[in-house]
Amino acid sequence: MMIDRDIRKRLIVAVANRIIAGAEELTDLDRAIGDGDHGSNMRRGFEAVLAAADVLSDKSFGEYLTAVGMTLVMKVGGASGPLYGTLFLSLGKSLADDVSREQVADAFAAAIEAVKARGKSDVGHKTMLDVFHPVLGALRGGGDGLPERLKATARRAAEDTIPMKAIRGRASFLGERSVGHMDPGARSSELIVDAVADVMEGCA
Amino acid sequence: MMIDRDIRKRLIVAVANRIIAGAEELTDLDRAIGDGDHGSNMRRGFEAVLAAADVLSDKSFGEYLTAVGMTLVMKVGGASGPLYGTLFLSLGKSLADDVSREQVADAFAAAIEAVKARGKSDVGHKTMLDVFHPVLGALRGGGDGLPERLKATARRAAEDTIPMKAIRGRASFLGERSVGHMDPGARSSELIVDAVADVMEGCA
Amino acid sequence: MKKLINAVEDVVKESLAGFCSAHSDIVRLGEAAPFVLRRHLKRGKVALVSGGGSGHEPLHGGFVGEGMLDAAVPGQVFTSPTPDLIIAAIEAADTGGGVLLIVKNYEGDVMNFDMAREMSGKSVATVITDDDVAVETSTYSTGRRGVAGTLIVEKILGAAAEQGRSLAELKALGDRVNAATRSIGIALTSCTVPAAGKPTFELGDDEMEVGVGIHGEPGRRRVKLRPAKEIAAEMVGAITADLGARARGDVILLINGFGGTPLSELYLMYNDVRHGVEAAGGTVARSLVGNFVTSLDMAGCSATVSLLDEELRRLWDAPVHTAALRWGI
Amino acid sequence: MKKLINAVEDVVKESLAGFCSAHSDIVRLGEAAPFVLRRHLKRGKVALVSGGGSGHEPLHGGFVGEGMLDAAVPGQVFTSPTPDLIIAAIEAADTGGGVLLIVKNYEGDVMNFDMAREMSGKSVATVITDDDVAVETSTYSTGRRGVAGTLIVEKILGAAAEQGRSLAELKALGDRVNAATRSIGIALTSCTVPAAGKPTFELGDDEMEVGVGIHGEPGRRRVKLRPAKEIAAEMVGAITADLGARARGDVILLINGFGGTPLSELYLMYNDVRHGVEAAGGTVARSLVGNFVTSLDMAGCSATVSLLDEELRRLWDAPVHTAALRWGI
Ligand SMILES: Nc1ncnc2c1ncn2[C@@H]1O[C@H](COP(=O)(O)OP(=O)(O)O)[C@@H](O)[C@H]1O
Ligand SMILES: Nc1ncnc2c1ncn2[C@@H]1O[C@H](COP(=O)(O)OP(=O)(O)O)[C@@H](O)[C@H]1O
Ligand SMILES: [Mg+2]
Ligand SMILES: [Mg+2]
Ligand SMILES: [Mg+2]
Ligand SMILES: [Mg+2]
């Protein structure tokens with residue numbers, strides 16, 4: 001599949017708008033088990049990405065992903081900034097404009113490892129990783145209606161963080177009291193996956 | 001009229017209990033146009049007077065009034081402490097155990113002047129003086145049913161402070177906004193007059 | 001009411017005990033009565049004694065020490081201390097040079113300190129501070145309140161007393177500094193007096209009080225909450241209008257928090273007020289930002305502008321070593 | 001939300017501008033980016049750089065100056081600063097002796113400072129503070145938070161850096177002080193993050209949170225509001241249990257307000273906590289009471305106990321000249 005300038009631009013617009021529209025909800029989730037800034041953090045980062053959409057989209061897919069990652073690192077702050085930043089920086093390392101589903105899945109798997117290393121965290125710790133990991137599974141599975149399946153997987157995965165006890169992130173300071181709330185970073189990951197899947201559908 | 005030990009004691013008990021029972025109301029009034037402590041101040045002072053009731057009542061009427069005044073000066077604090085203190089200290093200067101109504105009225109008039117001097121204040125400034133002054137008039141008038149008339153006068157006088165604009169006391173800092181509220185010190189004066197009148201009635 | 005206290009009636013006593021033990025290198029608790037006494041009194045120096053209701057911490061106890069006050073007498077919350085306490089402090093602080101009382105212009109304070117002065121039989125003078133421009137002046141009324149500017153009077157007098165100036169000189173200097181000092185305050189919330197248990201007044205979510213004092217009392221008027229810049233402009237306007245042409249020189253700018261407002265907001269206000277003062281022709285030569293003259297947990301702040309000349313600047317810069325203000329030592 | 005601000009997005013920037021102009025004798029605003037830089041850097045000295053989300057004022061900017069930090073990098077409210085800002089501060093503060101980062105143990109701070117260190121290419125070491133006993137330690141979890149004890153680490157490292165110690169020595173000393181320091185916090189209210197506009201959590205009128213951090217986040221458990229003495233006993237218990245026998249020596253006792261609690265209550269708590277520490281066999285050799293590591297307008301406080309030996313006492317007593325902590329100069 002060819003990720004041309006039009007798709008690159010559409011990806012930014014879709015993801016950024018989804019995050020910006022969801023910012024208040026993300027902040028509300030973070031107020032419950034964090035410090036109430038995940039929405040503002042993510043909005044700040046993706047507003048910067050959106051503002052640079054044209055310049056970014058002119059770049060090759062790899063450079064584009066790297067630049068998005070760098071923008072997030074420099075704009076988001078908090079825990080989510082280095083983590084989402086690391087994710088995109090890692091994706092940018094290996095993806096070319098013309099990519100197969102397998103290549104994307106491999107790059108995503110490597111990016112997840114990079115996030116784990118940066119966050120000293122793992123699946124089951126009630127973080128964004130708990131969305132990335134099942135989404136990677138769905139991506140590897142491939143097949144018809146993949147976009148829909150990615151969305152459903154992400155949605156379920158975010159919900160599955162509700163009963164978890166947090167091991168990483170601010171929510172871990174709450175111990176047992178972190179149980180019963182959705183992880184804000186899991187929800188923002190779901191929003192990103194959802195927006196990407198929308199663009200995939202539009203291209204299909 | 002003879003102010004014997006029994007009457008002296010009854011005066012303390014009646015006045016102190018009236019103030020203690022009214023403390024919360026006095027504080028509420030002071031919250032509206034002052035700093036919300038008139039009730040606690042007066043209660044603190046009269047609890048001390050009540051605790052010393054027996055010792056105080058052993059003294060001659062003059063010494064008794066002086067001692068009450070001193071106790072109020074040393075226990076009440078705020079603006080009302082020196083003012084009520086000055087009132088009783090002044091009364092103590094001229095009153096003997098056997099007093100006529102005229103003597104009490106003269107002593108009260110002198111005490112009012114002492115309060116004015118201490119407070120650099122006058123009638124019409126929305127203070128306790130606006131109760132003392134009409135009560136003095138009723139006392140001078142004398143006649144049948146004096147206790148009832150003293151009470152009614154004090155009640156009306158306290159109410160008459162409601163439309164006044166404060167010139168002295170903390171309420172003066174509010175300017176026009178002091179209009180529409182009863183002066184807390186006027187209300188505490190009314191309570192004192194009321195309790196004294198009750199004791200007078202009991203003696204008649 | 002949510003407060004870190006044991007019993008309402010013990011608040012002042014226990015807080016004072018904590019204060020004196022936390023700062024035992026600078027102060028000690030009075031023996032004859034509960035007041036704050038400077039640990040190392042200077043023989044023959046005029047003693048500076050201040051005080052008033054509690055609830056304004058660190059004022060005044062936090063300003064006892066070298067280069068500032070010799071004693072501070074706290075009353076109950078927002079209630080002037082009684083003459084017996086003040087007399088005890090006068091007696092403990094006096095080392096032969098006489099005593100200067102620094103009293104904020106509230107009738108309760110003025111009357112109790114007056115009675116103490118009359119009863120003490122010592123050589124005692126009084127400086128009354130009345131820096132609050134929110135209150136209209138008039139010989140007819142109580143006049144203006146003494147608020148945050150009091151700290152500037154205490155600092156400058158403290159330095160001058162340390163130089164060995166006489167009681168009469170200090171009294172004149174104190175009156176001069178007070179006359180050169182103007183403050184105005186605004187509140188976003190009231191405060192809760194422990195003994196009352198509920199806020200002194202209630203404000204809507206979008207309202208503020210303009211022209212408040214430091215006792216959680218309502219101000220002169222209630223307005224809609226506005227951006228910091230507009231609040232700053234109103235404050236500067238009130239102060240400079242009152243100072244007139246004198247505002248066009250070097251000044252100390254004090255942004256004082258009332259206790260419930262975070263330092264970050266005070267610095268933000270400082271930023272806007274400073275621009276206003278400078279736009280009005282003043283030069284901010286010295287600055288102080290923090291919670292110094294508070295009103296329990298009230299949210300809000302006051303701005304104080306105090307005119308400086310060479311003498312006052314030197315006295316302001318002189319070393320001071322107290323719990324709440326310290327430099328040069 | 002009632003705050004003295006202009007626009008939500010300008011809060012940090014404007015407050016920082018006010019801070020740097022109010023304290024222009026001690027600090028200046030970074031040129032390459034908005035951070036607080038010590039005005040007079042000392043050539044060749046190891047530079048101490050700290051930072052983290054804003055909202056904890058005076059931490060960290062208030063601790064920049066002689067005898068303490070060389071730079072402080074504020075992020076947005078409760079949000080770690082990004083690596084570009086940290087790198088700019090590292091570059092501005094480094095005078096050839098290398099740079100020591102002092103970072104509170106929050107994943108956001110740790111990761112952003114780590115990225116900055118990796119990208120900077122300078123000689124940089126990191127001390128991570130994690131003094132909060134409210135959080136169970138476990139190699140498996142994030143571990144403990146860095147809270148008010150951070151100020152003690154910064155003060156002592158500041159004095160040691162001024163003596164010319166090497167980066168490796170300072171790193172070891174910082175780890176040692178951190179290991180000797182324990183804190184625990186309680187909150188009576190949450191705080192309101194400007195961008196969120198409402199309190200992070202709601203508490204009933206008779207409830208408090210035990211084991212809170214400094215981001216207005218809920219604590220470990222919610223209990224009924226209790227008298228100060230009982231709260232103090234629980235705090236002392238948690239700290240001394242964790243310190244074990246080591247608690248029976250000289251300590252610094254820090255009672256830190258979270259921003260919305262009046263100083264009078266902090267002194268009252270100091271009184272009760274001090275008695276508790278002494279009953280447990282400790283000797284309070286040094287004390288500090290005030291709002292130092294805050295959580296915007298949160299009501300509540302933390303207690304910190306830090307074990308002292310002769311070396312640490314000397315470093316603690318060494319001169320310091322910052323906006324929020326000053327003595328000996
Ligand atoms: N160590 C970690 N590994 C993976 N994800 C993490 C880690 N720490 C935090 N997160 C994610 O970051 C989210 C919080 O982001 P945000 O609120 O922006 O930062 P902060 O916690 O610094 O305020 C959490 O909900 C979680 O998904
Ligand atoms: N100058 C004055 N002259 C006469 N009465 C006064 C004066 N100032 C205050 N008062 C009286 O004192 C009352 C307030 O007392 P209180 O609340 O105990 O003291 P404070 O105002 O110091 O808090 C007022 O309601 C008023 O009646
Ligand atoms: Mg967060
Ligand atoms: Mg009152
Ligand atoms: Mg009062
Ligand atoms: Mg955050």
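Just so it is clear: chains get the letters A, B, ... in the order the sequence lines come, proteins before strands, and each one is counted from 1.
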>> One thing to verify: whether B:Glu176 and C:Arg221 come together as a salt bridge, which I'm taking to mean a side-chain N less than 4.0 angstrom from a carboxylate O.
In response: no

> In terms of heavy-atom pairs under 4.5 Å with chain B, which of C:Asn112, C:Val8, C:Val193 leads?
Replying inline: C:Asn112

>> Would you say NZ of C:Lys122 has more than 12 non-hydrogen atoms from neighbouring residues, nucleotides or ligands within 6.0 angstrom?
In response: yes

> What are the two closest non-hydrogen atoms of C:Phe78 and B:Asp37, and how far apart are they?
Replying inline: O-OD2, 2.9 Å

>> Which heavy atom of C:Arg220 sits nearest to which heavy atom of B:Arg177, and what is that distance?
In response: O-CD, 3.1 Å

> Looking at side-chain heavy atoms only, is the closest gap between C:Glu107 and B:Arg168 below 4.5 Å?
Replying inline: yes

>> Minimum heavy-atom separation for C:Thr82 and B:Gly77, please, with both atom names.
In response: CG2-N, 3.5 Å

> Looking at side-chain heavy atoms only, is the closest gap between C:Thr79 and B:Arg44 below 4.5 Å?
Replying inline: yes

> Do other residues, nucleotides or ligands put more than 12 heavy atoms under 6.0 Å from B:Lys75 NZ?
Replying inline: no

> Quick one: of B:Val76, B:Asp28, B:Leu174, who has the most non-hydrogen atom pairs under 4.5 Å with chain C?
Replying inline: B:Leu174

>> Is it the case that atom CD in C:Glu9 sees more than 12 heavy atoms from other parts of the structure closer than 6.0 Å?
In response: yes

> Within a strict 4.5 Å, meaning less than it, do heavy atoms of the B:Arg170 and C:Arg145 side chains meet?
Replying inline: no

> Who are the side-chain hydrogen bond (donor to acceptor under 3.5 Å, both in side chains) partners of B:Arg18, not counting sequence neighbours?
Replying inline: B:Asp194, B:Asp198

>> If I measure from the heavy atoms of chain C, does B:Thr86 come under 4.5 Å with its side chain, its backbone, both, or neither?
In response: side chain

>> I want to check something: taking the side chain as every heavy atom from C-beta on, are B:Ser40 and C:Gln76 in contact at a cut-off of under 4.5 Å?
In response: no

> Considering only heavy atoms, which portion of B:Asp30 lies under 4.5 Å from any heavy atom of chain C: side chain, backbone, both, or neither?
Replying inline: neither

>> What I'd like to find out is whether the side chain of B:Arg31 reaches to under 4.5 Å of the side chain of C:Phe201, using heavy atoms alone.
In response: no

> What part of B:Ala166 gets closer than 4.5 Å to chain C, counting heavy atoms only: side chain, backbone, both or neither?
Replying inline: neither

> Are any of the side-chain heavy atoms of C:Met115 and B:Val73 separated by less than 4.5 Å?
Replying inline: yes

> Between C:Glu118 and B:Arg118, does at least one N-O distance fall below 4.0 Å, as a salt bridge requires?
Replying inline: yes

